[in-house]
Amino acid sequence: MSINNTQTQGDKPTYIDSMDVGQMIDLMATMGEKPYRGRQLYEWVHSKGARSIDEMTNLALPLREKLQGMVTFTTLKEVSRLTSKIDGTTKFLFELEDGLQVEAVMLSDKGRLTACVSCQVGCRMGCTFCETAKMGLRRNLTAGEMIQQVRCLQQFAQENTPDKLSNIVFMGMGEPLDNVVALKTALTVLVDPKAYNFSHRKITVSTSGIVSKIDTLTELEFPPTLAVSLHATNDRVRSQIMPINKAFPLEKLINKLAEITRGKRVRVTLEYIMLKGVNDSMEDAKELAKIAHRMNCKINLIPYNTGSSEFEPTDNEHILAFQKYLMNKGFKVFIRKSLGQDIMGACGQLYAEHNKEVPE
Ligand code: SAH
Ligand code: SF4
């Protein structure tokens, strides 16, 4: 890595909190400093939560001064915070340094706190049922911007609840596998016991199915749980509602998921949005069972959150029948509870990952 690239990309400053330990060691090496200095810097930034170089008192003053001229910290400005009166779900709107905004949501369910975070401003995948798609892609988030969302929500939990943030889902705005370099750095820092120390099993990355990028996650030392937005059981319907299916058709996606779940190193959840008259027939349930049979997975049925697109949600009783059919085939099938119904507004997909198994 060329350090000049790290420090300034064009006029952009170097964000210290976008770096993993290796990058910080490299940065220190360019200043003639030993690797342990990089590790100290890393500890300040990602473990002790330092927000300025000044605080790093075990670094010599001349080194701190040098660093001050070279690096900066990511700032997320909280512009709004809305808490659901129904279930305590809290939605945050953060302004980034360039004025763009992203959402993050704190989901609370029976003492379990989950941060739902964004990885891009907008998204270029064009799914027809999704509100974020309508924005197009404005830009990728940096690793620091993803980590800072988690940090802000963690702080919120500390100050306002008796519970600790334990789960993270990348189900906010954007397609994580369309921003895979920054995502990998963020994941590495979030699971590192010397940094945020989240269990990798409690981090879920949801993807629309960019098959060629899936291995970048499965090859990680601590791979997250993978959630895949399946949403249809044949290419005709899937390509209509998810244009990504034209590049990576169902068979390719299913084969990949079968391959990665074989060793059970990676857990996969199939997400299936229920769109009335589009993908919710009992024939679809049968086809979904056939697909799920080919891999080791659980299934999440997602009630459609109505937005500005033309779709209608499947009736609850029908979702239950769909679930029952699949459960009778022996699958673990959950219906996603959408928390914070009163505050979601125009947000297309910020949902509870908290799954509620509905009794038969
Ligand atoms: N881009 C990733 C992750 C973000 S979207 C992905 O598509 O998987 C998170 C989840 O919300 C996806 O399963 C997505 O299909 C779903 N979603 C999008 N719009 C929705 C809507 N209006 N109602 C219900 N779920 C929606
Ligand atoms: Fe992007 Fe996911 Fe929305 Fe599709 S559903 S447009 S991949 S955010």
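In listed order, ligands and their atoms are each counted from 1. Bear in mind that the values here come from a model prediction, so they are computed numbers and not experimental data.
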So which bit of Cys130 gets within less than 4.0 Å of ligand 2, heavy atoms only: side chain, backbone, both or neither?
side chain

Does Tyr304, backbone or side chain, put an N or O under 3.5 Å from an N or O of ligand 1?
no

For Asn197 and Asp192, test the side chains for any donor-to-acceptor distance below 3.5 angstrom and give the result as yes or no.
no

Can you tell me if NZ on Lys48 sees more than 12 non-hydrogen neighbours from other groups inside 6.0 Å?
yes

With a cut-off of 4.0 Å, which atoms of ligand 1 are near a heavy atom of Gly172?
4 (C)

Report yes or no: do Val102 and Leu137 belong to one cluster of Ile/Leu/Val/Met/Phe/Trp/Tyr joined by side chain heavy-atom distances under 4.5 Å?
no

For Tyr36, the rest of its hydrophobic cluster, which grows through side-chain links under 4.5 angstrom
none

Is the NZ atom of Lys134 crowded by more than 12 outside heavy atoms at less than 6.0 Å?
yes

Excluding Val79, membership of its hydrophobic cluster (Ile, Leu, Val, Met, Phe, Trp, Tyr; side-chain heavy atoms within less than 4.5 Å) reads Leu93

Which ligand 1 atoms, with their elements, are less than 4.0 angstrom from a heavy-atom of Ile302?
13 (O), 24 (C), 25 (N)

Would Arg336 count as a polar contact of ligand 1, with the cut-off being nitrogen or oxygen pairs under 3.5 Å?
no

Hey, does Ser229 sit under 4.0 Å from ligand 2 if you only count heavy atoms?
no

Between Arg262 and Asn296, is there a side-chain donor-acceptor contact under 3.5 Å, judged purely by atom types and distance?
no

Give yes or no for whether the N/O distance cutoff of 3.5 Å, strictly under, is met between Phe129 and ligand 1.
yes

Within a distance under 4.0 Å of any heavy atom of Gly174, pick out the atoms of ligand 1 and give their elements.
1 (N), 2 (C), 3 (C), 4 (C)

In terms of atom number and element, which parts of ligand 2 are under 4.0 angstrom from non-hydrogen atoms of Ser208?
7 (S)

Distance-only, no hydrogens or angles: does the Ser84 side chain make a donor-acceptor pair with backbone N or O of Thr89 under 3.5 Å?
no

I want to confirm something. Looking only at heavy atoms, which of His231, Met171, Glu271 is nearest to atom 14 (C) of ligand 1?
His231

Hey, which atoms in ligand 2 end up nearer than 4.0 Å to a heavy atom of Met125?
1 (Fe), 7 (S)

Only heavy atoms of Pro303, strictly under 4.0 Å: list the atoms of ligand 1 that pass.
24 (C)

On the ring face of Phe334, is Lys298 found with NZ or CZ under 6.0 Å from the centre and within 45° of the axis?
yes

Specify side chain, backbone, both or neither for Thr306, according to which of its non-hydrogen atoms lie closer than 4.0 Å to ligand 1.
neither

Taking both backbone and side-chain atoms into account, decide whether Cys123 has an N/O/S atom under 2.8 Å from atom 1 (Fe) of ligand 2.
yes

Is there a donor-acceptor contact under 3.5 Å linking the side chains of Thr128 and Ser309?
no

So the atoms of ligand 1 within less than 4.0 Å of a heavy atom of Thr207 turn out to be 6 (C), 8 (O)

